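Every heavy atom of this structure was used, including side-chain atoms; hydrogens, water molecules and symmetry mates were not. Naming: A, B, ... by sequence-line order, numbering from 1 per chain. Predicted model, so just to flag it, every value in this text is computed and none were measured.
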Number of protein chains: 2
Amino acid sequence: MSNTRCDKHKKCISTTIDQVEKICAEKGLRFTKIRKAILEIIWESHQPIKAYDILSRISNINYSEKPPTVYRALDFLMENGFVHKINSLNSYVGCSHPNEHSDCYFIICSICNEVQECCDSTITKTIKKVLNKNTFKHNHIALEVNGQCNDCSDVSKK
Amino acid sequence: MSNTRCDKHKKCISTTIDQVEKICAEKGLRFTKIRKAILEIIWESHQPIKAYDILSRISNINYSEKPPTVYRALDFLMENGFVHKINSLNSYVGCSHPNEHSDCYFIICSICNEVQECCDSTITKTIKKVLNKNTFKHNHIALEVNGQCNDCSDVSKK
DNA sequence: ATCCTCGATGTTATAATATAACATTTATTA
DNA sequence: TAATAAATGTTATATTATAACATCGAGGAT
């Protein structure tokens, strides 16, 4: 399934990278060569990618990269909302709307492994109400739903 | 903070263990000695506990236990809804209402590390609506909110 | 009761994920 | 241009989790 949803994937990558570049310029963040290379690798597919898969991809380009290189770039990219970690998969995905909001929700198809963002303000509102009842101040909301996407549940019916 | 919320913690453990025992009997599940011991260790506090901390606790009792012992018990306990994994912490907590519903939501205080369940049906309903819109069939909903609990944000004000 | 089977446990080894600590380089700014 | 702060390089190791195969033991079939 990997890139089928994104007709013009190359464009979709470069648009996002440009956007990130712009945001970094505005905020005075250093979007260095390594950070950019790693963000590009993450965007090569719309699937979540694992840190060590990023590492082996980047080692093809520049031999002898080591884990801290990847984890540091991931830290930077996550801190600034350009990438999200899917905790249930120990994997990382690019954020398709950097800077719009801090909390992103994910639906993860356990058949094709496709991950889609499903950021929805009604979910956020409902959660915030419950947090208020609990007098809990939130920093971050992580929502990951595991199941089958439409395509895969259709296939499994046949 | 650890057990302060639960006035009679010993009772609270034994009640839950009894409940699990009963559920297993009804369902023909084998609540073996090891599984019980590990569930008891998990319930020693209301905090999430890490697999290797369980391992070292159980090694005090019975030397020479090894990781698979713990992970197998955790698998059993999670499959049957007696324990939940907090993915963002790689940690495990006992479920305070085994068998009532499959999806449990957590609020995690980053100061005192206390984790509370905040299973709320309005959240579930709202999420399900969004999943329907996306024609996505869910198996499991994981919601983890990180922030500060009431007690800790009070303290930090002072 | 005995054998059989299957699930549970024991055991060894290793895979997969992530970070600590310190050295060096590069960018920024005073 | 020197000072300084941030980023990267490097080595080592910590943490989390599973594979693979051997053995044990409970409960059912005969």
Trainee: Counting only side-chain nitrogens and oxygens, does A:T32 get under 4.0 Å of the OP1 or OP2 atom of D:dT8?
Mentor: yes
Trainee: Using whole Å, what does the distance between atom P of nucleotide D:dT8 and atom CG of A:L77 come to?
Mentor: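 Computing the A:L77:CG to D:dT8:P distance gives 10 Å.
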Trainee: List in chain and number order the residues that pass side-chain contact (heavy atoms from CB on, under 4.5 Å) with B:D53, two or more places apart in sequence or in another chain; answer none if no residue qualifies.
Mentor: B:I49, B:K50
Trainee: Hey, what bend do you get for the helix from C:dA1-D:dT30 to C:dA30-D:dT1 if you fit axes on five pairs at each end, rounded to 10°?
Mentor: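 Answer for the end axes of this duplex: 30°.
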Trainee: Mind checking ring-ring contact (aromatic ring centres under 6.0 Å, His included) for A:H97 and listing every partner two or more places apart, or none if nothing turns up?
Mentor: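 Counting only residues at least two positions away or on another chain, A:H97 forms a ring-ring contact (aromatic ring centres under 6.0 Å, His included) with A:H101.
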Trainee: Can you run down the salt bridge (Lys or Arg N to Asp or Glu O under 4.0 Å) pairs that involve residues 74-94 of chain B, sequence neighbours left out, and say none if there aren't any?
Mentor: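 The answer is none; no pair qualifies.
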Trainee: Please state how far atom CD1 in B:I49 lies from atom P in D:dA17, giving the value in whole angstrom units.
Mentor: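 Value for this atom pair: 13 Å.
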Trainee: Quick one: side-chain hydrogen bond (donor to acceptor under 3.5 Å, both in side chains) partners of A:K33, sequence neighbours excluded?
Mentor: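 By the side-chain hydrogen bond (donor to acceptor under 3.5 Å, both in side chains) rule, A:K33 matches no residue at all.
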Trainee: Show me the side-chain donor-acceptor pairs of residues 87-95 of chain A shorter than 3.5 Å, one per line, residues at least two apart or across chains.
Mentor:
from  : atom 1 : to     : atom 2 : distance (Å)
A:S88 : OG     : A:E144 : OE1    : 2.5
A:S91 : OG     : A:L89  : O      : 2.8

Trainee: Starting at NZ of A:K33 and ending at C1' of D:dT8, how long is that distance when rounded to a whole Å?
Mentor: 12 Å
Trainee: Name the closest nucleotide to the A:K66 side chain, picking from D:dG9, C:dT9, D:dT10.
Mentor: D:dT10
Trainee: With a 4.5 Å limit on heavy-atom distance, are the side chains of B:T16 and B:F82 in contact?
Mentor: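 Contact flag for B:T16/B:F82 side chains = no.
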Trainee: Please report the distance, rounded to the nearest Å, between CD1 in B:I34 and C1' in C:dT9.
Mentor: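 Rounded to the whole Å, the gap is 6 Å.
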Trainee: Test of understanding: with salt bridge (charged side-chain N to carboxylate O under 4.0 Å, His left out), list the residues that count as partners of A:E21, not counting sequence neighbours.
Mentor: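 Expected list: A:K36.
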Trainee: Atom CD of B:E65 to atom C1' of D:dA17: distance rounded to whole Å?
Mentor: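 Taking CD of B:E65 and C1' of D:dA17, I get 17 Å after rounding.
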Trainee: For B:D103, what residues pass the side-chain hydrogen bond (donor to acceptor under 3.5 Å, both in side chains) criterion, not counting sequence neighbours?
Mentor: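 Once residues adjacent in sequence are excluded, the partners of B:D103 under the side-chain hydrogen bond (donor to acceptor under 3.5 Å, both in side chains) criterion are B:H140.
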Trainee: Return the minimal non-hydrogen interatomic distance between B:I38 and B:V70, and the atom names on each side.
Mentor: CD1-CA, 3.8 Å
Trainee: List every contact pair, protein side and nucleotides 23-29 of chain C side both N or O, where the distance is under 3.5 Å.
Mentor:
from   : atom 1 : to    : atom 2 : distance (Å)
C:dA27 : O4'    : A:R30 : NH2    : 3.4

Trainee: Quick one: side chains of residues 120-127 of chain A, donor-acceptor pairs under 3.5 Å with protein atoms, not counting sequence neighbours, listed by atom name and distance.
Mentor:
from   : atom 1 : to     : atom 2 : distance (Å)
A:D120 : OD1    : A:T122 : N      : 2.8
A:D120 : OD1    : A:T122 : OG1    : 2.3
A:D120 : OD1    : A:I123 : N      : 3.3
A:T124 : OG1    : A:Y105 : OH     : 2.7
A:T124 : OG1    : A:D120 : O      : 3.3
A:T126 : OG1    : A:T122 : O      : 2.8
A:T126 : OG1    : B:T126 : OG1    : 3.2

Trainee: Give the rounded distance in Å between these two atoms: CG of B:L74 and P of D:dT15.
Mentor: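 Computing the B:L74:CG to D:dT15:P distance gives 18 Å.
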Trainee: Can you give me the N/O atom pairs linking the protein to nucleotides 16-19 of chain C at distances under 3.5 Å, or say none if there are none?
Mentor:
from   : atom 1 : to    : atom 2 : distance (Å)
C:dT17 : OP1    : A:K50 : NZ     : 2.5
C:dA18 : OP1    : A:K85 : NZ     : 2.5
C:dA18 : OP2    : A:Y71 : OH     : 3.1
C:dA18 : OP2    : A:Y92 : OH     : 3.2
C:dA18 : N7     : A:Y52 : OH     : 2.8
C:dA18 : N6     : A:Y52 : OH     : 3.3

Trainee: Write down the distance between CG (B:L55) and C1' (D:dT15), rounded to a whole number of angstrom.
Mentor: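 Taking atom C1' of D:dT15 as the reference, CG of B:L55 is at 12 Å.
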Trainee: Test of understanding: with side-chain contact (heavy atoms from CB on, under 4.5 Å), list the residues that count as partners of B:S14, not counting sequence neighbours.
Mentor: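 Result, side-chain contact (heavy atoms from CB on, under 4.5 Å) vs B:S14: none returned.
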Trainee: Once you round it to whole Å, what is the distance between C1' of D:dA5 and CG of A:L29?
Mentor: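 Nearest whole value for this atom pair: 15 Å.
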